[in-house]
Each structure stands twice: as C-alpha cells, then as structure tokens.
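Since the structure comes first, as structure tokens, the remarks are kept for the end.
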Amino acid sequence: MTKMHVKLNVNGRAVEGLAEPRTLLIHFLRENLRITGPHIGCETSHCGACTVDMDGRSVKSCTVFVAQADGAEITTVEGLVNEDGSLGVIQEMFREHHGLQCGFCTPGMITRAHRLLQENPTPTEEEVRFGMAGNLCRCTGYQNIVKAILASAEMLNAQKEAAE
Amino acid sequence: MIPAGFEYHRPTDIASAIGILQQHGDEARVIAGGHSLIPMMKLRMADLAHLVDLQAIDDLRDIEIAGGEARIGAMVTQHELITHEGLAGVLPILREAALQIADPQVRYLGTVGGNVANGDPGNDMPGLMQCVDARFELVGPEGTREVAARAFYEAAYFTARGDEEILTQIRIPLPVQGTGYAYEKQKRKIGDYATAATAVLIGNGTASVAMTNLADTPIWSEDAGTALAGGDVEGAVAAMLGAIEPMADNRGPAAFKKHVAGVLLRRAIERAQQRAG
C-alpha cells in the first residue's frame, strides 16, 4: 500500500511523517514519533490506556487511523507538563493522592481527566466516575484516581481565582 | 491488531463521496466515527480496499430545529447530541439514550449516522429512531430519497440503504409539548451492548414503544403503542414481549432476556407516564 504524508500537531509541535493509512494513531505516536506516554492496553477500544486528546476530544488512539487524524492537534500526557517541565496539576495530584499503583493506565487517565476538567471544572464525584468510565484500572479500585481528579479540580480552580 | 491495507479518501462533498463508491463498488466503504468499522477491520472481518472518510463534509455536521422537526446530520457525534441544548429541550429522549451508549471517548467520535446506518441489532439508535418515527435521508447516484426508520431494517447488518447510497440526515418530528419519554437500558458493564433496551413515548392520546437487541432488527410494535395509548400497560408489555425474538448468547438465555425486557418496559413506561402531562 502507498504511504501517505501525515501532518499532525503533537503537544504544540508540528510533526510529519510517512505512514500507511491503516497505521493506527497509537502506533504512529509510539513508533514513528517515539511518544510513548500513551500505552497500548487492550487494543480493542475498551481500556482507555491509549487515550489522547484530539482536537479537543478524548479519543482512544487504538481506534483511530492516522489517516483520519491527519491535520489534527494531539495532546498526550507528555504535553500536560508545566512550561518548565515540572508535573502539571493533574499529574501532581495523581502522585499526591496515590492515584496509581502499577501506573500503566495513568497516562490515559490523566489525559482523559484533563479534558473532563476542561469541560466541567467543578465536577461531583459521580460526574468524575461517569466521565472516567472509558478508562480501566486493574490495581487501584479507582478510589484514589477519583480523589486525585477532584483535588485537581480544586487546585485548578484556586489557581484560576488567584490569577484573576 | 493491524487491519489489511486500504486506500484512504477524504472527499469534501457528498457528490465526490458517492463518486468514489460508484467507482469502486464493493471494494469501498464509508467511515464515520469508525468505532464499529475499525474494530471489524482490525479483526479482519471487514475487508475493503477503499475507505471513504466523511469527516470533511461540513453539511453532515449540522443540527437544525425548524418546521416542527429536528434535522440531525449523519456525522453529528453522540457527544454533540448530548451537549446540544436545543435538542435536549425538544427531544430529551435522545440525550437520555446517547448517555447510555459506550463510554465518553467512544461518544466523542461515534456518530448518530453510523449508529443508525450500520444495521447492528446491538446499536441503541435504531430502536430509538423507530420509537420517535424518524426518517432517514439517503443520497445516491439517482438522487435523494427518504426511508422511515420503521421500514429501514431488514436483518442484522442489512438495511434499505443501497451500496452506493450514503445516509446523510435524520429527520425527527418533534413530539407535542407534554409528551413523556424514557430510555431504559440494561447492560453488563460500561461499553457493552444492551442485554435489553427500550424507548417509550407517551402523551396526548398516543404512545410509541420500541426495543433494542432482542431480535436481528430493532422491534417497534404498533400493537404495544395502541395498547399503551389506551392506558393498558399490561397489554402493551404483552404485545411487545410477543413481538421480540431474543436469542441466547453470552448475555444470557432467551428466557432471561425476555424477563429483562419485561422489567425494563414496565420501568420505562412508568417513568414516561410520570414525565407526561
């Protein structure tokens, strides 16, 4: 099959490469661009470990062809750090509240939580659980993940207020 | 899991998309959100040489409420359907159903058009569209035609859509003010298809009832609607349970599914009645 010229903006940087249209976005990110934050868990759009932000939507990058993503803006967990390279608020809160054990699902969790809090900056616990339903964790039982996201919401809102 | 290779097309208008379908026949298929098609391609159960992506056709993304009906473009995603305030005001059953489909990530990409056109008996939108008496607009080489949702589904994955046609829009008559509604779905876990699901509208002397994943097509029962319109809940449940034909699978034996169907129907009817008025 002929390769196509793919252009993306990943974590604020314009990137391009040659790929077969059938290449899945997760493979393009990990293998062509060496952005290995998004993980391959189930590869069947169930687990959410491969979640990235694409044009302002949380998507499972194992179920998007790179051809479909051509021209898109992508954010991965690597793109959620502060400008000085230190951990972003959600990342810091996952550490603070022990929102992970093995850590495999964490990049997907954090990337999804980022979009959830963009859309709903003051979620209830129930809204967090509903909004995170596409991400599976087999270690934590979710309790600390939910805590970390609620704490992130508070912290982000406090930062926003302080800035105003 | 890597699918077989294909050539990718991203036309910017419907005529070009249909042209590509005409040129390649069976070898080509359209892709909307891809959340049914891509898994099938990865399993190599769908094999095609040309993929026609509809994402760049702007006309397919509109939601319009005018002239007593809602017109929803085929590429409107479940997420857009859920967050559209105008639609939630006039057809709240759509949001209630869409929130029960898959998970957030899938709803950001999964489209209404894909959900209704795929013909998968497990999809929620087909039964819902039969309940609300939607009409599907199909555009093909011969022009545009409309098919009622209630006449669209022939068997699992077989619909009235021709191979060279594209489902472009869904038109739903707005229920009169005070119509009660409910969408009830039983599933084993988030992301699963329904063990049973039902859509109910009741109000102003009329009623409509449809069910999902209990036969190889969605089931809309005219008898159930007539009984319910006359206030006969047990008659409506009996008519519906007589019309479905569940098959045993990993969601349970047929008798269990019938049981769940009855429970959901009564629940949905009760909730719709409470909301009516």
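Below, all heavy atoms of this structure are taken into account, side chains as well, without hydrogens, waters or symmetry copies. All figures in this text were calculated on a predicted structure; none of them were measured in a lab.
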Taking atom [atom1] of [X] as the centre, does the number of heavy atoms from other residues, nucleotides or ligands within less than 6.0 Å exceed 12?
| X | atom1 | answer |
| --- | --- | --- |
| B/Asp47 | CG | no |
| B/Arg44 | CZ | yes |
| B/Arg161 | CZ | yes |
| B/Met247 | CE | no |
| B/Asp26 | CG | no |
| A/Met4 | CE | yes |
| A/Glu154 | CD | no |
| B/Asp163 | CG | no |

Can you see whether B/Gln105 engages A/Thr51 through a side-chain donor-acceptor pair at a distance of less than 3.5 angstrom?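 Side-chain D/A pair, B/Gln105 to A/Thr51: present.
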Inter-residue atom distance [X].[atom1] - [Y].[atom2], 0.5 Å rounding:
| X | Y | atom1 | atom2 | result |
| --- | --- | --- | --- | --- |
| B/Arg10 | A/Gln68 | CZ | CD | 8.5 Å |
| A/Lys60 | B/Asp103 | NZ | CG | 3.5 Å |
| B/Glu7 | A/Arg22 | CD | CZ | 14.0 Å |
| A/Leu24 | B/Ile38 | CG | CD1 | 7.5 Å |

Would you say the side chain of A/Phe130 lies within less than 4.5 Å of the side chain of B/Pro104, judging by non-hydrogen atoms? no
Would you call B/Phe6 and A/Glu20 a side-chain contact if the rule is heavy atoms closer than 4.5 Å?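 No, their side chains stay 4.5 Å or more apart.
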Please look at B/Leu51 and chain A and tell me whether the side chain, the backbone, both or neither of the residue comes under 4.5 angstrom of a heavy atom of that chain. side chain
With a 4.5 angstrom heavy-atom cut-off, is it the side chain or the backbone of B/Leu37 that approaches chain A, or both, or neither?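 For B/Leu37, neither part sits under 4.5 Å from chain A.
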Looking at [options], which makes the most heavy-atom pairs under 4.5 Å with chain B?
| options | value |
| --- | --- |
| A/Ser45, A/Cys62, A/Gly48 | A/Cys62 |
| A/Met132, A/Arg112, A/His27, A/Arg115 | A/Arg112 |
| A/Val64, A/Thr23, A/Asp70 | A/Asp70 |

Using a 4.5 angstrom heavy-atom cutoff, name the option from B/Lys189, B/Lys42, B/Gln55 with the most pairs to chain A.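 The candidate making the most pairs under 4.5 Å is B/Lys42.
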Considering non-hydrogen atoms only, spot the tightest contact between [X] and [Y] and give its length.
| X | Y | answer |
| --- | --- | --- |
| B/Pro39 | A/Thr63 | CD-CG2, 4.1 Å |
| B/Met1 | A/Thr44 | CE-CG2, 3.4 Å |
| B/Pro3 | A/Phe65 | CG-CE2, 3.5 Å |

Verdict with reasoning, A/Met54 to B/Leu109, per side-chain contact (heavy atoms from CB on, under 4.5 Å): CA-CA 10 Å; A/Met54 180 169 90; B/Leu109 290 186; 4.2 Å; yes
